[in-house]
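Start at 1 and go down the list; that is how both ligands and their atoms are numbered. Just so you know, these numbers use all the heavy atoms, side chains as well, and skip hydrogens, waters and symmetry mates.
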Amino acid sequence: MNYTPLGNTNLRPSTLGFGASPLGNEFGTTDAATGVKAVHHAIEHGINYFDVAPYYGTGLAEERLGNALKGYRDRVILATKVGRYGKNNFDFSAKRIRQSLELSLKRLHTDHIDLLQVHDIEFGDAEQIIHETLPEMLAFKQEGLINFVGITGYPLHILKRVAQAVPDIDVVLSYCRYNLLDTSMNDVLLPLIKANNYGLINASPLHMRMLSNEGAPDWHPAPAKVNEVTQKAAAYCREQGASLSKLAVQFALQHPNVATTLVGMSSPELVDLNLQALNDPIDTELLKAVQTILAPVKNTVWISGQPENNDPGAVVGNA
Ligand code: NAD
């Protein structure tokens, strides 16, 4: 396992990071005890970065991760979020995010969070996030409740705008915008990340499970056509005796400027599959063939958040 500096922070996350949203049953019911085993297995194999949020299972993922981390807290980098509490439940006010952080600290059985992020900024008012939410989070940093501050979201232009407006932030988390189905993170966000040396985190290398044999969950926001084409690529990989999900994780892990790539995991078996993806060389012939199959739907961007925060060309999706 390699460990890369996260921008200007003193954190060195593992190349493969543990996404804990499945512990909150976001991709179907998962077993609590198996989830604990997954966390311990990941730590034993060098994964030191854990990402969670109050939104995932409305507190369940934090509770389960907090229980699993008892006795391991000082061995890991713990990242959680504020501002999103349900599919359509957002509150980016200073008062609410302080309450949210207090609850997260309790659920996670810790006295500090290594990285606190504003969750899905596109659903908020950018002016409030710039002038109220982030200043309050920078105050949490001064108070010793958190070590670093970040923002997360799906549309790239709003991430860029907010990161430009508040240069004191440390980290930007982008999801579903750098993987086999979409690489636009590189064009829109990467130049600013490099110029300011922000830490860059890439989440959802499986495009929220679409790039797998199981396919997208019902709630997946991409237009149905994207999943149809992706399932052709999954079938092609199966015919070759290969796995689309392995290829997808390998593709994302190769990014030279991403400090950690977050994959959602809830069992030791999934941890092993992704460690294997990390350690095996990528099949470049298979990659070319799969990229050709996916080309017709590449960089399909769906609407997410407030209309003014959407990326140009975003289309109405499935959810
Ligand atoms: P993902 O692309 O990582 O897909 C997760 C799904 O794929 C789960 O159902 C998991 O069981 C399955 N899976 C994992 N490894 C697999 C493998 N090797 N083969 C087949 N299936 C596999 O999507 P995600 O979970 O949404 O993203 C990863 C993490 O990133 C999340 O858990 C969360 O922590 C974080 N994230 C954050 C934001 C945000 O802050 N706005 C958004 C998306 C994701």
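- For residues 256-284, there are no ring-ring contact (aromatic ring centres under 6.0 Å, His included) pairs, not counting sequence neighbours.
- With hydrogens left out, the protein atom closest to atom 31 (C) of ligand 1 is S21 OG, 3.5 Å, a heavy atom.
- Side chains of T152 and R84: no donor on one and acceptor on the other come within 3.5 Å.
- The distance from atom OH of Y72 to atom CG of L78, rounded to the nearest 0.5 Å, is 15.5 Å.
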Would you please test E285 and K288 for salt bridge (Lys or Arg N to Asp or Glu O under 4.0 Å) and show each step?
CA-CA 5 Å; E285 288 304 310; K288 264 191 234 153; 3.6 Å; yes
Enumerate, atom names and distances included, each donor-acceptor pair closer than 3.5 Å involving a side-chain atom of residues 49-60, sequence neighbours excluded.
unit_1	atom_1	unit_2	atom_2	d
D51	OD1	K81	NZ	3.3
D51	OD2	K81	NZ	2.8
Y56	OH	K81	NZ	3.1

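- A salt bridge is defined here as a Lys NZ or Arg NE, NH1 or NH2 lying under 4.0 Å from an Asp or Glu carboxylate O, and R209 with E26 fails to meet this definition.
- For the residues Y154, F50, Y56, Y49, the heavy atom positioned nearest atom 38 (C) of ligand 1 is part of Y56.
- Counting protein heavy atoms only, atom 41 (N) of ligand 1 is closest to D120 OD1, 2.6 Å.
- For atom 30 (O) of ligand 1, the closest non-hydrogen atom on the protein side is A203 CB, 3.3 Å.
- For E214, no heavy-atom contact with ligand 1 is shorter than 4.0 Å.
- Scanning all protein heavy atoms for the shortest distance to atom 14 (C) of ligand 1 gives G264 O, 3.0 Å.
- Ring geometry for Y154 against W302 counts as parallel: the plane angle stays under 30°, on a 0 to 90° scale with 60° as the upper cut.
- The atoms of ligand 1 that sit less than 4.0 Å from any heavy atom of P22 are 32 (O).
- Counting only heavy atoms of the protein, atom 11 (O) of ligand 1 lies nearest to L270 CD1, 3.3 Å.
- The residue from F92, F90, Y85 that alone fulfils the ring pair (Phe, Tyr, Trp, His ring centres under 6.0 Å) condition with F123 is F90.
- Using modelled atom types, one finds no donor on one side chain facing an acceptor on the other under 3.5 Å when comparing H157 with N310.
- In this structure, a donor-acceptor pair under 3.5 Å is absent between the side chains of H45 and D272.
- Protein heavy atom closest to atom 15 (N) of ligand 1, with residue, atom name and distance, is N274 ND2, 3.0 Å.
- Distances from ligand 1 to the non-hydrogen atoms of V249 include no value under 4.0 Å.
- Neither the backbone nor the side chain of K246 has a heavy atom within less than 4.0 Å of ligand 1.
- Near H207, meaning under 4.0 Å from any of its heavy atoms, are these atoms of ligand 1: 2 (O).
- Listed by number with element, the atoms of ligand 1 under 4.0 Å from a non-hydrogen atom of K81 are 37 (C), 40 (O).
- Looking only at heavy atoms of the protein, atom 4 (O) of ligand 1 is closest to R209 N, 3.4 Å.
- Between S266 and ligand 1 there is no heavy-atom distance shorter than 4.0 Å.
- Compare T80, L206, L273 by their heavy atoms: the one nearest to atom 22 (C) of ligand 1 is in L206.
- Less than 4.0 angstrom separates some heavy atom of G19 from each of these atoms of ligand 1: 29 (C), 31 (C), 32 (O), 34 (O).
- Note: an N/O pair closer than 3.5 Å links T152 and ligand 1 by distance alone.
- Here the OG1 atom belonging to T261 is positioned 10.5 Å from the CD atom belonging to Q254, to the nearest 0.5 angstrom.
- Between S204 and ligand 1, at least one pair of N/O atoms sits closer than 3.5 Å.
- Of the charged side-chain nitrogens involved, at least one lies within less than 4.0 Å of a carboxylate oxygen, so that R177 and D311 count as a salt-bridged pair.
- Protein heavy atom nearest atom 28 (C) of ligand 1, with residue, atom name and distance: L262 O, 3.2 Å.
- The closest approach between a heavy atom of M265 and any atom of ligand 1 is not below 4.0 Å.
- We find that K246 and D280 are joined by a salt bridge, their nearest charged nitrogen and carboxylate oxygen being less than 4.0 Å apart.
- Within ligand 1, counting atoms from 1 as listed, the ones closer than 4.0 Å to a heavy atom of A20 are 32 (O), 34 (O).
- The distance from ligand 1 to the heavy atoms of H119 drops below 4.0 Å at these ligand atoms: 39 (C), 40 (O), 41 (N).
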Between R107 and E102, is the salt bridge (Lys or Arg N to Asp or Glu O under 4.0 Å) condition met? List the steps.
CA-CA 9 Å; R107 287 192 287 254; E102 283 165 9; over 6 Å; no
